[in-house]
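In the text below, chain A, chain B and the rest are named by the order of the sequence lines, each starting its count at 1.
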Amino acid sequence: MKYFQPELETMSAADRRALQSERLVSTVKYVYERQKPYREKMDAIKLRPSDIKGIEDIWKLPYTQKSDLRNSYPFGMMAATRKELVRLHASSATTGKLTVSGYTKHDIDVWADCAARSLVMAGADEESIVHVCYGYGLFTGGLGMHYGAEKLGAIAVPASAGNTQRQLQLLADFGADIICCTPSYAIYLIEEMEKAGLKPGRDIKLKGGCFGAEAWTEEMRAEIERRLGIRACDIYGLSEISGPGVSGDCEYKTGMHFQDDHYFPEIVDTETLEPLPMGERGELVITTLDRTGMPLIRYRTRDIAALDDTPCPCGRTTIRMKRITGRSDDMLIIRGVNVFPSQIESILLKDPYVQPHYHINVDRVNNLDTLEIVVELSPDAMSDTMSEIEAIRSRLSAEMASGISVTAKITLVSPGTIERSEGKSKRITDRRKIK
Amino acid sequence: MINQIAVFLENRKGRIGDCCEVLKHAGVNLCSMSIADTTDFGILRMMTDDNDKALFYLKAAGFMCAAVPLVAMQVPDKPGALADILIALDKAGVNIDYLYSFAGAGENAHIGFKTNEPQKAEKVLTEAGVKII
C-alpha cells in the first residue's frame, strides 16, 4: 500500500491551497460563533470573520497559547456541545492544571485518518498487525495509534506501556510487523530482545515503526533500523491539536509530511512572532482547519522546527517539517511525558521538610530518560534516624510520581548546598544529547 | 542520658573530613563516632567533650545537625554481658533504634542507645543492676 488517502495526500498545490482556504474560512466563522475566547480576541483587534478570505489571510488571526487553554479550564475552549463531543484527552500544563482537548466523532475520525497515513508511511497495510506500546489513557499516544491502525483496517494490539517481558512475548507470538512507541523505549526493547535471545527476522517480524512523543536523533534512527532491520519513522503530534499523526516520516525520511489538509503549520520568530521565510527555524504554530470539538487558531506549540516545501520523491504533496530541535519554553519531555519545572516546584513548596531550593538533572542512561531532583532539606528536618529522612524522600518520590506522572530520583542535600543565583536561576541541567 | 550530635552528610567526597575540620578549629574533642549510610547520604552520630560548642560551630559552617539524647550505660567487659541486658530490654518491650560504644574510663565498656522509651529503658537497666551514665 503506497498511500492511505491518495487523493488527499497527493493533490496538486493549487487544489491543496483551495481546500485549505475553504476550510480556514469556515473554521474562522465557526470559532467566532462558538468559542467565546476567539470572539473576544477577534473583537479586540476589530477582525471580522469575513476579513478572512483564504489561507493567505491567516497571519491576520490572533495567536492561541497554552495559557488560553489553562484559563478556560476545563471546557471553556470547547466549540461543540456535550452532545457532539465524544472524547477528552489531556496533557500537563505549567501549574499542575491539565490542558484539556475535546473531540467530536468527526475529530476522532480525522485524527485516525492522519495516524493511518503515518502507519502506511512506516510500511503498514490492511493485513498488518500493529503493536501499540504507547500508554493508553489521557495521553494521546496509545489511543491515537490504535484508532489509526483500526481505521487502516489493520489489527491493533493494545499492549500499552510497560512490562517489557510481556511486550516481547506478544511481539514474538503475534508476529506484529509494525510497532508504535517512543524511540528510547524501542532501543530498550531491542536490548531486552537480544538478552532474551530473540532475533529480528527470525523471532521478531517487525518491518516498520512509528516512533515519537520525544526528541531523538538520526543516530538513534540508524541504530533502531540497523538492530531491528526495520524502517523507523518519526511521528509528531500534540493533544491540543489532536495527537500523533499531525506529521510523520515517509520511507524517504526527507522531513515529516505535515497533514496540512487538516492542520496548517506556520513557523514564526519566537521573540517577534513574525512569520519566518520557508526553511528557517522558529516556533511551530498550528491552525486546525476542520476540527469541530475544539478548533485552535494559530496555536503556539513552543516546539522549534522548520518547514520544507520542496517535492518529496514519495509523491505526497504536503509541506514537510524538519525534526523538532528544542522548545521555546522550559518544558521537559521525559520518557514522552511533558514536565514543567513549575510543577516540580509546587510539589516541593508544599512539603515542610524541604526548601524550594532545588536542581533538576535530566539524563539519558541506557537510552532511557532519567530525572533527578536534588533538593535541600529544611533545617528543622534534621533527625538522627535514617528511617525519618528516608521517609521524607519516599514521600516526595510518591508525590512526584502522582503529580508529574514520571518517576524521579530524589536526592536530599544540606541547606545552603544548592547554588543561589540572582534573577533567573539555572535550575535545570539536561545532559541528553539530542540535536 | 547523655547527648550526642547527629549530622546530615551528603554522600560527597570529603564530607566527614570537612565536619571533623570544623571541630578541630572549634577545639572540640571527639569521644565517639558512628555513621549510618545509604547510597546518597549518611548520618554521622558523635559524642564530644562539648556538644553545645560543637553544634554551634557545625551549624555556623552550614552543616545540618541536631542534639539527640541517648540512654547510656556501663556494661561489664565480659562475654554475654550485653546480650543479657538487651534480652531484658526486649522482654520489657523496649525497642532500640541503634546503639554504639564510646570511650570512657575504667574496665567497663560504654554503650549508648536510642529508644523512644528512655524512662522505661532506664528502669529496666536499674532493676538489672546496670550502671547508667
Side-chain angles (χ1 to χ4, degrees), chain A residues 344 347-348 351-363 365-366 370-401 406-421 425 427 429 431, chain B residues 1-16 18-19 22 32-48 51 54-72 95-100 102 112-118:
Chain A
I344 292 175
I347 294 171
L348 297 177
D351 194 315
Y353 294 99
V354 294
Q355 309 190 87
H357 297 296
Y358 61 94
H359 194 90
I360 298 169
N361 290 314
V362 187
D363 206 344
V365 179
N366 295 327
T370 60
L371 172 66
E372 180 190 27
I373 301 164
V374 182
V375 60
E376 285 184 9
L377 280 165
S378 151
D380 319 324
M382 187 56 204
S383 159
D384 60 321
T385 53
M386 291 310 259
S387 55
E388 283 176 27
I389 293 186
E390 273 298 334
I392 296 173
R393 183 158 77 169
S394 55
R395 190 182 52 243
L396 266 181
S397 196
E399 278 165 12
M400 287 298 164
V406 170
T407 319
K409 177 178 189 289
I410 307 287
T411 300
L412 301 171
V413 295
S414 307
T417 314
I418 289 172
E419 200 182 326
R420 311 289 200 263
S421 56
S425 56
R427 284 181 156 157
T429 307
R431 297 194 194 88
Chain B
M1 302 283 280
I2 59 164
N3 252 331
Q4 67 164 351
I5 303 171
V7 185
F8 177 86
L9 298 176
E10 293 114 64
N11 200 345
R12 203 150 42 102
K13 199 168 164 287
R15 285 302 277 168
I16 299 181
D18 294 345
C19 174
V22 172
S32 175
M33 219 177 201
S34 155
I35 192 159
D37 70 300
T38 67
T39 49
D40 298 317
F41 67 90
I43 297 172
L44 177 67
R45 300 162 186 143
M46 58 192 176
M47 295 178 202
T48 70
N51 281 350
L55 268 181
F56 177 82
Y57 280 94
L58 283 171
K59 278 187 177 163
F63 282 92
M64 204 170 136
C65 46
V68 181
L70 293 184
V71 177
N95 268 328
I96 293 177
D97 292 330
Y98 57 84
L99 60 72
Y100 59 99
F102 60 96
F113 65 87
K114 170 78 182 295
T115 174
N116 54 356
E117 292 174 291

So which atom in A:P415 and which in B:M64 form the shortest heavy-atom distance, rounded to 0.1 Å?
CD-SD, 3.3 Å
Are the side chains of B:R12 and A:V413 in touch, meaning some heavy atoms are under 4.5 Å apart?
no
Using non-hydrogen atoms and a 4.5 Å limit, figure out which bit of A:P379 sits close to chain B: side chain, backbone, both or neither.
backbone
Nearest heavy-atom neighbours spanning A:M382 and B:F8:
CE-N, 3.5 Å
Which answer fits B:D37, side chain, backbone, both or neither, if we ask what part of it has an atom under 4.5 Å from a heavy atom of chain A?
backbone
Residue part contacting chain B, namely of A:S383, when any heavy atom lies under 4.5 Å:
backbone
Distance from A:E388 atom CD to B:D97 atom CG, nearest 0.5 Å?
8.5 Å
First locate atom CD1 of A:I389, then atom CG of B:D40, and finally report the distance between them rounded to the nearest 0.5 Å.
12.0 Å
B:Y98: which residues meet the side-chain contact (heavy atoms from CB on, under 4.5 Å) condition with it, sequence neighbours left out?
A:D384, A:T385, B:Q4, B:R45, B:L70, B:Y100, B:K114
Given side chains that start at C-beta, do those of A:S414 and B:R15 come closer than 4.5 Å, heavy atoms only?
yes
Report, as yes or no, whether the 6.0 Å neighbourhood of atom CZ on B:F41 holds more than 12 heavy atoms from other residues, nucleotides or ligands.
yes
Could you report the tightest heavy-atom contact between A:L412 and B:E10, atom names first, then the distance?
O-CG, 4.0 Å
Using a 4.5 Å heavy-atom cutoff, which residues in residues 55-62 of chain B come close to chain A?
B:G62
